[in-house]
Amino acid sequence: MASRLHEGKRSDPLRHVVQRMVPNHGSIGLRALICALLSICAAASIRPISDAHRSAALDLFVPSGGLFQSLEETYEALRTFQILGVGNFSDIGPATCPVIIDNLTSPASSPKDLFDAIRVNSILECQIGSQTFKDVAEKFQDLIKSTDKLMNFYYSILGLLHVKAQGVSVVLPDAEGVFYSIKALSQNDGRWQYDSNNAESSTCAAGIALEALAGVVSLADIELVQSKIGTIKHDIVKLFDSINSYDDGTLYFEEKHIDGSEYKGPLATTASVVRGASAFAAIVSEKLNIPGDKLVGIAKFLLSVGVPSSTKDLFNQIDSLSHIENNRISIPLILSLPSTVLSLTSKDQLEVEVTTVFGSAAPPLTVNLVRASSSDVKNNPILENQELQFDTEKNVHYLDILPLKIDIGKYTLEFEISLHDPENLNTYATGGHAHSLIFLTGLVKVDKSQIGIYDTDSESSASMLKLDFFKDDKISLVANHLQKLHLSFQLFTPLGNTIKPHQAFLKLRHESKVEHIFALESSSRQYKIILDFLALVEKFYYLSGRYDIELAVGDAAMENSFLHVLGYIDLDLPEPPERASRPPSLSVDPYARFGPKQEISHIFRAPETRPPKELSLAFLAFTLVPLGGFVIGARVLVDGFHFDAQTKATFISHCFLSMSILVSVQLLTLGVNLKSFPSSSVHALFSLLFHAGIAAILLLYVLFWLKLDLFTTLKVLGLIGVFLIFVGHRTLSCLASTSAGKVKTN
Amino acid sequence: MAKSSSSDAQALIRSLRSAYAATPTKLKIIDLYVVYAITTAVIQIVYMGIVGSFPFNSFLSGILSCVGTAVLAVCLRIQVNKENKEFKDLSPERAFADFVLCNLVLHLVIMNFLG
């Protein structure tokens, strides 16, 4: 797209308009927006391959020390240089040949590596022994026998073709079988699969398969049965039926299924199909049934890319265009305009070039301008059926437009090419009607311009001053808020018609740099504006003083768009009331907003006062005192009870157990069972377990407070609880039975 | 009159003491436990009075644990006391088991609320 803006000397009429309209505002964005809009609105002004492509090729394909990044890129670079006729192979050869030899002889090379190496070698022609070629040919032949993937067939068959071109005799085993295997992967809509597992069909794969099939036929060198070739021709026709088109008549191929990792854009897909179709067309005896218009559409698509900015795109474009240029079906002829902006002032002529895609001369032909219509009013054509004359020196067809009395503006032209020699129709394709968009620019005359102040009551224009925009006098006016400002003028094209320009603005700027912009209205013959200051008092922020008056008028077709300072006006406005809005303060430096901001000091809530540590520890001790009191008191009470040493021991151990469990300030523990302890050993075990269970639960609680969460605690509590219930039941039932026995005995 | 009131008070206290001495030891232990729990609660209240109630949940959980366990002990005392005709059928072991279980549940809640 960017290339369209560089074509011709004055291909961007809006650019100088924009530069005059926005001189001091630094609004790069506005300029870019207008340029972008222009490039979107313009039809595809296609140009054939030119020196711009050649210099781009030298800029993009840059070897470092004679080596490119990969052998694939090396092949792309060399082929592009070969087709365009540029580039120096002398330093690439010595650096790349060792890499090629390394790839061809190494046993770990993949089929793709071998293929890349052998096709780079066919351009560079390194010194390689024939034994290496024979080994490579053998590897390819083994691969053909063992594989069923399309890419492997492609690499091996085309690799064998390159090996054969080196003079080594190559035999393709079972050519018919290979042909069938490749054909088996084809689909109903003319596309191919990459292998039998992959269900999706791909257009790129179709191009690759056609190249591979053409390779099979040329390697095998047998006359394949016409029916087989017929089915392939049928597939090619179906493939070309699935072609997509843009609005401007360009045609391209695209993948139907878009797989994220493997997606190749329309350029790569179209290039693949073109390579395949032209390779197949070269080996069959009669022509393929593809209409020439489709080839012209594809050629236009490839040229409309302009000058690509990536190496792969440039290679795809140049390689496929070279196939189109040299194909046997029909060679497309491209109609292009060297300059799409014509000036009536400098008496330009409409010039049209008809060439092949690489800019070579076309056979004798005539260009006819079928219709020229204004872009605004589509249905009424301005011109019809004008034949262009041919200039043999400059090799262009031209038309003198001055005598035709066409006014300035934007026009859509429709051309038709007719070949002189009807025999050439078989070789060349003209592609129907070609559309193009041009601008006619000229000088616009400003007439009857006047400015004046008048009172609201009297409509008379007694005090109107005549203005001349192109002289340097500045007018000075005085007005108060009860008066009105009146400005009017008329615009005429070179042919005397009125024109409605794209922009007509009046700007009033105060001394304090506050600006107000008004759009001018157009009536039947003139542009005028009436500023009623009474209504505008509030909009002007009640600022009195001197206002500079500027008028801006501009159009794409106007060569003398202008921005004039007409003079100044001293406005006397009333005092602002208290509630009036202030004018916006202009920032000194518009980039100051990106500087550091004021530091924010956060206000935090004051934290709660905590007691001193010693006090808390003192009260911790105090809390434990009643426990001690309880333990001592219980001992005193129990002292009167009879108990044996075991009971005493368990009692004391219970005291220690309960003391050790206490860890926090507000924790109370109950761990001591001071009932009488059973004496029998079985029951003793159960009661011991009972006490252990309770101790475990209390320990779990302590852990819960320290670090566990509720869910873990509940889970463990459930487990211990079940155990405790069982043990406790046994203990207490034993105890109950013994006490019942005691009561009975008592 | 003061003399008689003070001597009445002394006589009252003396009779209370002698009557209390007659209670079984088990019940005395339970009474001592209740006194212990309430004392701890009082100490916590005094502490809160000094330092303020900032972690209020901790204060509440401490008080509640003391008061709760005292209440459960009182229930145990009622159920275990042989002179209580209502709970004649309830064995003291069963009452003790209830006491232990309720204490464990109470302390789980307390630990959760302690924070």
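Below, chains carry the letters A, B, ... as their sequence lines are ordered, and counting in each starts from 1. What you see is a predicted model, and the numbers here were worked out from it, not measured in a lab.
Here the CZ-CD1 distance, from A:Phe704 to B:Ile110, works out to 11.5 Å after rounding to the nearest 0.5 Å. The CE atom of B:Met111 lies 12.0 Å from the CG atom of A:Leu710; values are rounded to the nearest 0.5 Å. One distance of note links CG of B:Leu101 with CG of A:Leu724; it measures 8.5 Å at 0.5 Å rounding. Taking NE2 from A:His729 and CD from B:Glu93, the interatomic distance works out to 11.0 Å, rounded to the nearest 0.5 Å. Note: A:Leu698 CG to B:His107 NE2 = 7.5 Å, rounded to the nearest 0.5 Å.
B:Tyr36 and A:Phe630 have parallel rings, their planes meeting at less than 30° on a 0 to 90° scale where 60° marks the start of perpendicular.
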Test side chain to side chain contact (heavy atoms under 4.5 Å, CB included) applied to A:Tyr701 and B:Leu104, step by step: CA-CA 9 Å; A:Tyr701 287 168; B:Leu104 289 176; 4.0 Å; yes

Derivation and outcome, side chain to side chain contact (heavy atoms under 4.5 Å, CB included), residues B:Leu108 and A:Thr713: CA-CA 9 Å; B:Leu108 176 67; A:Thr713 313; 4.3 Å; yes

Candidate pair B:Val46 and A:Phe619, rule side chain to side chain contact (heavy atoms under 4.5 Å, CB included), full reasoning: CA-CA 9 Å; B:Val46 167; A:Phe619 266 89; 4.0 Å; yes

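Only the side chain of B:Ile50 comes within less than 4.5 Å of a heavy atom of chain A; its backbone N, CA, C and O stay farther away.
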Compile the donor-acceptor pairs under 3.5 Å between side chains in residues 714-722 of chain A and protein atoms, sequence neighbours left out, one pair per line.
none

Under 3.5 Å, sequence neighbours excluded: what are the donor-acceptor pairs made by side chains of residues 596-606 of chain A?
none

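Of all heavy-atom pairs spanning B:Leu32 and A:Ala634, the tightest one is CD2-N, 3.4 Å.
Using a 3.5 Å distance cut-off with no hydrogens or angles, the side chains of B:Tyr47 and A:Thr623 do not pair a donor with an acceptor.
Atom NZ of A:Lys539 sits in a crowded spot, with more than 12 heavy atoms from other residues, nucleotides or ligands closer than 6.0 Å. The local environment of CZ in A:Phe622 is sparse, with at most 12 non-hydrogen atoms from other residues, nucleotides or ligands closer than 6.0 Å.
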